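Here's the structure we're looking at; comments come further down.
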Amino acid sequence: MNHRRLWLRAIVILALAAVVFWQRTATGQPDPYEARDLAVMGQEARGGQGILEELAQGRQAGVYNLQAEGDVAPAAGVEKIIGVTLSKDKGLLGVFSQKDGQPVLLTTLNTLPLQEVKVVQLETGRNALLIRELLDERFGAYFLSSFYALYTWEGDKLQEIWRKVAGNEERWNKKWLARGEGWQGVSEQVTTDFTRSEGKLAIKAISNQILWSAPAVDGPRTKLQSRTVAHTYRWEPAWGAMVMAEGRLNAAAPLKERRGNKYVDCGQLAAGEKVAVLEDEDLLSWLQPEEPAYWRVKTKGGQVGYILKTQVDLLPGLI
């Protein structure tokens with residue numbers, strides 16, 4: 001029965017992957033975040049927790065792992081954070097406290113293969129966990145992407161408060177988009193500076209993006225267009241997130257979520273409602289000017305979603 005459930009789960013995940021891939025190629029939207037979410041979907045990390053526990057006890061010395069220490073959870077004392085790469089597309093991270101001299105696993109987090117694990121200070125008396133992950137899907141049309149993600153402790157688990165592509169390479173065949181022969185792709189390199197502003201964490205990111213074309217998958221590339229985008233994210237305790245800016249809705253508008261490459265209504269926000277702007281979602285509109293641009297936002301109620309840029313007036317002070 002267990003094998004039948006595992007097979008069914010695998011079939012469901014493959015079906016979702018096929019749907020998402022079809023939607024991506026139908027719109028031509030490069031979206032490494034979507035590829036990242038799909039890669040960790042349904043992970044069970046079989047055997048991974050045991051490896052983490054043995055590492056926490058000082059065993060499994062031959063297993064490649066990343067470790068950091070810091071006070072990231074409400075438990076007394078300093079926690080040990082251990083991350084392992086379990087396969088080409090799977091990682092697992094565990095947070096351990098100490099009780100009577102023995103490690104106690106507080107929580108785990110499914111990840112991609114890990115490149116960096118460290119503890120950073122958000123503000124005096126509060127820390128966060130920073131990881132960098134790698135997504136390697138180099139087959140045909142592919143993503144080769146790395147991501148930063150920042151987590152803080154909320155309730156009984158780690159809660160994501162910031163994410164950012166650190167580097168991204170992707171390509172697709174023009175035929176799949178009915179755009180003729182050859183290949184196209186996006187190359188993005190991001191320089192990230194972790195600094196402080198008024199005693200709180202601030203992150204400055206400069207992204208260099210290039211849309212390219214090539215006659216063959218590994219042929220010489222021709223730059224079609226390029227740009228440089230700079231943003232600063234600041235820890236804002238009132239929002240519980242790293243925030244680019246604050247904004248106010250200039251009219252009643254739907255809050256949207258992403259399903260594949262479609263933005264689908266998931267709630268309604270009132271005119272005048274205040275939101276925190278978490279990210280600039282304008283890559284697709286840069287590549288395809290007929291497409292609208294979005295802000296990724298967080299509401300006072302804690303919902304995270306997408307709002308059309310034209311429906312939000314940015315407030316002075318942060319951006």
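All residue numbers in this chain count up from 1 along the given sequence. Everything numeric here is computed off the predicted structure, so don't read it as measured data.
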* Not counting sequence neighbours, which residues clear side-chain hydrogen bond (donor to acceptor under 3.5 Å, both in side chains) with T195? List them please. => none
* Look at the side-chain heavy atoms of Ile, Leu, Val, Met, Phe, Trp and Tyr, link any pair under 4.5 Å apart, and say whether L130 and M244 land in one connected group. => yes
* Asked: So, E188 versus S207: side-chain donor-acceptor pair below 3.5 Å or not?
  -> yes
* Asked: Among all residues two or more places apart in sequence or in another chain, which pass the side-chain contact (heavy atoms from CB on, under 4.5 Å) test with L269?
  -> L249, L255, E273, V275, T299, I307
* side-chain hydrogen bond (donor to acceptor under 3.5 Å, both in side chains) partners for E69, two or more places apart -> none
* Show the numbers, then the answer: is there a ring-ring contact (aromatic ring centres under 6.0 Å, His included) between Y233 and F194? => CA-CA 10 Å; Y233 310 83; F194 293 82; over 10 Å; no
* With sequence neighbours left out, write down each residue that passes side-chain contact (heavy atoms from CB on, under 4.5 Å) with P292, or none if nothing qualifies. => Y294, L308
* **Derivation of the ring-ring contact (aromatic ring centres under 6.0 Å, His included) call for Y306 and W295** => CA-CA 6 Å; Y306 301 87; W295 295 118; over 10 Å; no
* Is any side-chain heavy atom of R296 closer than 4.5 Å to a side-chain heavy atom of V304? -> yes
* Does E181 have any side-chain contact (heavy atoms from CB on, under 4.5 Å) partners at least two apart in sequence or in another chain, and if so, which? -> K175
* By salt bridge (Lys or Arg N to Asp or Glu O under 4.0 Å) - contacts of R248 (at least two apart) -> none
* Check: E123/W235 side-chain N/O donor and acceptor closer than 3.5 Å -> yes
* **Over 12 foreign heavy atoms within 6.0 Å of CD, E198** => no
* Asked: Transitively linked via ILVMFWY side-chain contacts under 4.5 Å: L112 with V165?
  -> yes
* Asked: Is a donor on one side and an acceptor on the other found under 3.5 Å between the side chain of K90 and the backbone of T111?
  -> no
* Decide, yes or no, whether a salt bridge links E133 with K164 under the criterion of side-chain N to carboxylate O below 4.0 Å. => no
* Asked: Does some side-chain heavy atom of L150 sit less than 4.5 Å from a side-chain heavy atom of R163?
  -> no
* Side-chain H-bond candidate by donor/acceptor type, Y263 with R258, under 3.5 Å -> yes
Let me check something: any side-chain donor-acceptor pairs from residues 95-106 under 3.5 Å, sequence neighbours excluded? List them with distances.
residue : atom : partner : partner atom : Å
Q98     : OE1  : Q102    : N            : 3.4

* To do: Can you sort out the partners of K256 under side-chain hydrogen bond (donor to acceptor under 3.5 Å, both in side chains), two or more places apart, ordered by chain and number?
  => D265
* Passes side-chain contact (heavy atoms from CB on, under 4.5 Å), N168 versus F147? Steps please. -> CA-CA 9 Å; N168 180 43; F147 305 84; over 6 Å; no
* Any luck finding a side-chain donor-acceptor pair between Q209 and W286 under 3.5 Å? -> no
* To do: Look at R126 together with D71 and state whether they make a salt bridge at an N to O cut-off of under 4.0 Å.
  => no
* To do: Using salt bridge (Lys or Arg N to Asp or Glu O under 4.0 Å) as the criterion, list what pairs up with E116, not counting sequence neighbours.
  => R132
* Asked: Who passes side-chain contact (heavy atoms from CB on, under 4.5 Å) against S197, sequence neighbours left out?
  -> A202, R234
* **Qualifying salt bridge (charged side-chain N to carboxylate O under 4.0 Å, His left out) pairs with a residue from residues 207-230, counting only residues at least two apart or across chains** => E169-R221, R171-D218, R227-D282
* Asked: Quick one: does T85's side chain have a donor or acceptor within less than 3.5 Å of a partner on L114's backbone?
  -> yes
* Asked: Looking at residues at least two apart in the chain, or sitting in another chain, which of them share a side-chain hydrogen bond (donor to acceptor under 3.5 Å, both in side chains) with K174?
  -> S213
* Audit row: T191, Q189, side-chain contact (heavy atoms from CB on, under 4.5 Å) steps and yes/no -> CA-CA 7 Å; T191 301; Q189 296 300 320; over 6 Å; no
